[in-house]
Chemist: 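The following block contains the structure, expressed as structure tokens.
Proteins come first, then strands; the chains are lettered A, B, ... in the order of their sequence lines, and each starts at number 1. All figures in this text were calculated on a predicted structure; none of them were measured in a lab.
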Number of protein chains: 2
Amino acid sequence: MAEPNGAAPGGGRAARDAEAVSKFVESFAAQLVEAGMQRMPARVFAALLSSDSGTMTSVELGEQLRISPAAVSGAVRYLAQQHLVSREREPGSRRERYRVHSDQWYEALTNREAVIKHWQYALREGVDSLGEGTPAGRRLAETLAFFEFVDGEVALMMDRWRVHRERHFGAG
Amino acid sequence: MAEPNGAAPGGGRAARDAEAVSKFVESFAAQLVEAGMQRMPARVFAALLSSDSGTMTSVELGEQLRISPAAVSGAVRYLAQQHLVSREREPGSRRERYRVHSDQWYEALTNREAVIKHWQYALREGVDSLGEGTPAGRRLAETLAFFEFVDGEVALMMDRWRVHRERHFGAG
DNA sequence: CGCTGATTTCACAAACTTGTGAAGTTAAGG
DNA sequence: CCTTAACTTCACAAGTTTGTGAAATCAGCG
């Protein structure tokens, strides 16, 4: 049988408690679902996050999560599109490995670039069609200003985070 | 007929272009849906946002959005729970008004207090059950540190926003 | 180049969500 | 207290989403 998570029992380190891992995976996935991610991508992502190597194959994911290859395929496609995981072909094998980059995933969380732009566009439309001078128009203009403010602030915050991270966790 | 949005035609100001308002309401609601809000709450909220007085009655909402009283009821209950709207009883009437506080709603967006706490709890559980010393445990610890960092930064950012807002929009 | 194992695509059944009509509850005003 | 308008609750039908099995496609390797 394949050894999930790159930690082979008897391989020099105590075997991971499969049940504890699974418990974490499911509860973390539940958080992701609550935050709007679909169930399968959430579970796959959580499983990858909790693997020591940060990579798992399709088969390993299917076994840990008890889902079909089709479900793994769909989840991975979604995660790759969102830049939350990358795909690697193992040289000399037709097997693929999916990898989570620990430092990229939460950056993606804050990279709402496209999303923020859509909000700003919708709000600008609103200000125009309701009229700048109307109370409703002014309310929307203020909301728009808030988004513009946040947009800039988040970029600065991430710069500070990288410094903070460097200090506490060493170079990436 | 009830006059939606508190702007009575012939009441001294040009009548709002009902179709333009509706177009904005639906497109803004679509953004909210994309961001994870259910359809009805999103539409009700967008309608309130685009009303001049910032308040609408159940009947007005039902007419503008073409939905049943039951749908209005459910949507409003959800929005009130999320502190996105408040309910007011008109004195001397059995009719209720629902109000959006322009400055409260985007604050609520960033007040992920409860949500952030859940994430932090889930991640701490994960660090514990996977082991602080393992690669996976370290990955989770770093993610947890990120959330803690963001938590603090967002609070500071909102302080700066209030100053910025005061300057550009005058006192609330 | 065909064999074979890995991954993807596709149609569908099951499960879940959503909004409605209708009945039920509440409270203002006679 | 009875009437009646306003709001809420509830069961259900319609619509949507989700994950699966099976078939199809892809890519090493002999």
Chemist: Parallel, tilted or perpendicular: which fits the ring planes of A/F149 and B/H164, with parallel below 30° and perpendicular above 60°?
Modeler: tilted

Chemist: Going by atom types alone, do B/R95 and B/T57 pair a side-chain donor with an acceptor below 3.5 Å?
Modeler: no

Chemist: Between D/dA6 atom C1' and B/E96 atom CD, what is the distance in whole Å?
Modeler: 9 Å

Chemist: Would you mind reading off the distance between A/R94 atom CZ and C/dT7 atom P, rounded to a whole angstrom?
Modeler: 10 Å

Chemist: Can you tell me if A/H83 has over 12 outside heavy atoms packed within less than 6.0 Å of its NE2?
Modeler: no

Chemist: Can a side chain N or O of B/S58 be found less than 4.0 Å away from OP1 or OP2 on D/dA6?
Modeler: no

Chemist: Do other residues, nucleotides or ligands put more than 12 heavy atoms under 6.0 Å from B/H118 NE2?
Modeler: no

Chemist: Is B/R97 salt-bridged to B/E90, cutoff N-O under 4.0 Å?
Modeler: yes

Chemist: I'd like a list of close polar pairs between nucleotides 18-20 of chain C and the protein, N/O only, cut-off under 3.5 Å.
Modeler:
| residue | atom | partner | partner atom | Å |
| --- | --- | --- | --- | --- |
| C/dT20 | OP2 | B/S68 | N | 3.2 |
| C/dT20 | OP2 | B/S68 | OG | 2.9 |

Chemist: In residues 72-89 of chain B, which ones come under 4.0 Å of DNA chain C, going by heavy atoms?
Modeler: none

Chemist: Using whole Å, report how far CZ of B/R95 lies from C1' of D/dT8.
Modeler: 17 Å

Chemist: Answer yes if B/V150 and B/F147 sit in the same cluster of Ile, Leu, Val, Met, Phe, Trp and Tyr residues linked by side chain heavy atoms under 4.5 Å apart, and no otherwise.
Modeler: yes

Chemist: Do A/V33 and B/L123 sit in the same hydrophobic cluster, where Ile, Leu, Val, Met, Phe, Trp and Tyr count as joined when their side-chain heavy atoms come under 4.5 Å apart?
Modeler: no

Chemist: Checking side-chain contact (heavy atoms from CB on, under 4.5 Å) against A/V100, which of A/L84, A/L48, A/L79, A/T55 comes through?
Modeler: A/L48

